[in-house]
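Every heavy atom of this structure was used, including side-chain atoms; hydrogens, water molecules and symmetry mates were not. Reminder, nothing fancy here: chain letters follow the sequence lines and each chain counts from 1. Note that the coordinates shown come from a computational prediction; the quantities given were computed from them, not determined experimentally.
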2 protein chains.
Amino acid sequence: MSNVVKKHKTAELGRPRSFDLDTALDRALRVFWRKGYEGTSLSDLTRAMRINRPSLYAAFGDKESLFRKALDRYMVRETRYWQKAIDAPTVREFVEKLLRGAAEAMSRAGSPRGCLLVQGALTCSAEAESVRRELSARRQAGEAAIRGRLKLAKKEGDLPAGADPGTLARYLTTVMQGMAVQAAGGANRTELRRVADTALKSWFGLISS
Amino acid sequence: MSNVVKKHKTAELGRPRSFDLDTALDRALRVFWRKGYEGTSLSDLTRAMRINRPSLYAAFGDKESLFRKALDRYMVRETRYWQKAIDAPTVREFVEKLLRGAAEAMSRAGSPRGCLLVQGALTCSAEAESVRRELSARRQAGEAAIRGRLKLAKKEGDLPAGADPGTLARYLTTVMQGMAVQAAGGANRTELRRVADTALKSWFGLISS
DNA sequence: TCACTTTCTGACTGATCGGTACAAAACTGA
DNA sequence: TCAGTTTTGTACCGATCAGTCAGAAAGTGA
């Protein structure tokens, strides 16, 4: 079948789209980020994206599908500091980059405050349950990534033999999620940074056992 | 005016209410706690409370008014451990009771997991904004209570002169709010307890500077 | 029994929810 | 110019939202 060739031809067929997909998705992301999945209505979305409803559905599918696309973009864009932290040579630098990166990411000027994984749907009605679970799963994946880095550190002797990577990862995750609640409540960058520094200081007490 | 006397008379006039106010309010609280303010519909409420709509409105006012009444009850009932913690003689016991009390309260069998102040409305649509702010304000009041206890400890010499009650209170609050996110995501009592113990351990590192 | 008061029940309101049908518009290749 | 294809804007869909009306029901005192 010559589907591939045909696709290239048909790609330019028909009335051209009058808006930019990336721009529109960015705008949708910002609304979901600020208001949460259920707090955002389709009217909110079309207004922010500057497109009308049928265009939204044709380009992104239904509301949940659009949210997941926005979520993917959020993960790619807003969690780069995670990889930088994980790539750090020492566990001390890892934790520092992680906590301080979170403080920055959750208080970026021009972006909604807080973390989409937390404020997207901590609770919801029955209809949005699948979205809630998706966010919960992604939070757990983040914790697993931290745990993996700590396990590596332990193997390398960068963490004492008595340290439990699972417990420590859970603790770090909890602090970061708490920072997300703080940010959602209005905490600014200075305040978040102070929390991060306090947690970092506490870290040294934890691993010196 | 003889209003007082009259009220006693009229209190027994008319058709008697066929449901118990406290029971109904408890049921409403549980729904709000589990689904959040906006995730809960009036149909959810009337079903759970086993009353119909006009009875709900007559007894509790509109949805927001009912939520605030449920919130008041939640605060009275679910944060008793706060006062016990604050009343503890030493700052060490205060922090221990606070963190462990939170772990217990957020994982009580037969109650929704997590904290209503966090999952009630971290984000919302424009209509629920006043509820979101109310919850944010109550979280901040909790932080202020912790700060007050730490200030007292500092004055008593139970905290070192270099310790900053504001920063420490913010840190403790953040950890507890993170625990609420963990609980909302399904963390059980054992896991929450482990987080609390880890934070408690970290505490000693923080105040020994 | 009967006026009076309050609650209960069920049906209803206008507004908004997420989602879609339809036809005009804007492009392509022929 | 004209068929074919895709997007556009408008107007609409049934369902559900929070909230209310009106009348029957259930109690009171006289």
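Look at CG on B:L56: it is 13 Å from P on C:dT7, rounded to the nearest Å. Spacing between atom CG of B:L13 and atom P of D:dA30 amounts to 10 Å, rounded to whole angstrom units. When the C1' atom of D:dC17 is taken as reference, atom CD of A:E127 falls 11 Å away, rounded to whole Å. Regarding B:D62, its CG atom lies at a distance of 14 Å from the C1' atom of D:dC17, rounded to whole Å. If you measure from atom CZ of A:R47 to atom P of C:dG18, you get 12 Å, rounded to the nearest angstrom. Taking atom CZ of B:R17 as the reference point, atom P of C:dT7 lies 5 Å away to the nearest angstrom. At whole-Å resolution of the value, CZ in B:F60 and P in C:dT7 are 12 Å apart. The interatomic distance linking B:Y57 (OH) with C:dC8 (C1') rounds to 17 Å, in whole Å.
In this structure, A:T40 reaches the sugar-phosphate backbone alone: every heavy-atom distance under 4.0 Å involves primed, P, OP1 or OP2 atoms, never a base.
What you find for B:A88 and B:F94 is that their closest heavy atoms are CB-N, 3.8 Å. The shortest heavy-atom contact between B:L135 and B:A121 is CD1-N, 3.4 Å.
In the model, A:N52 has a side-chain atom that pairs as donor or acceptor with a side-chain atom of A:S55 under 3.5 Å.
Between B:F32 and B:Y37, the two ring planes are parallel [angle under 30°; tilted spans 30° to 60°].
When the side-chain nitrogen and oxygen atoms of B:S43 are compared with OP1 and OP2 of D:dC17, one or more of them lie within a distance under 4.0 Å.
In this structure the side chain of B:K63 never reaches within 4.5 angstrom of the side chain of B:S41, judged on heavy atoms.
Classification of B:K154 and B:D164 as a salt-bridged pair fails, no side-chain N sitting under 4.0 Å from a carboxylate O. Ion pairing between A:E93 and A:K97 fails under the 4.0 Å rule for side-chain N and carboxylate O. The residues B:D44 and B:R47 are annotated as salt-bridged, a charged nitrogen and a carboxylate oxygen being separated by less than 4.0 angstrom. Comment: A:D26 engages A:R77 in a salt bridge, judged by a side-chain N to carboxylate O separation of less than 4.0 angstrom.
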Might you list the N or O atoms of the protein lying below 3.5 Å from N or O atoms in nucleotides 9-11 of chain C, with each pair's distance?
| from | atom 1 | to | atom 2 | distance (Å) |
| --- | --- | --- | --- | --- |
| C:dT9 | OP2 | B:N52 | ND2 | 2.8 |
| C:dT9 | O5' | B:N52 | ND2 | 3.4 |

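Only at 4.0 angstrom or more do the heavy atoms of residues 21-38 of chain B sit from any atom of DNA chain C, so none qualifies.
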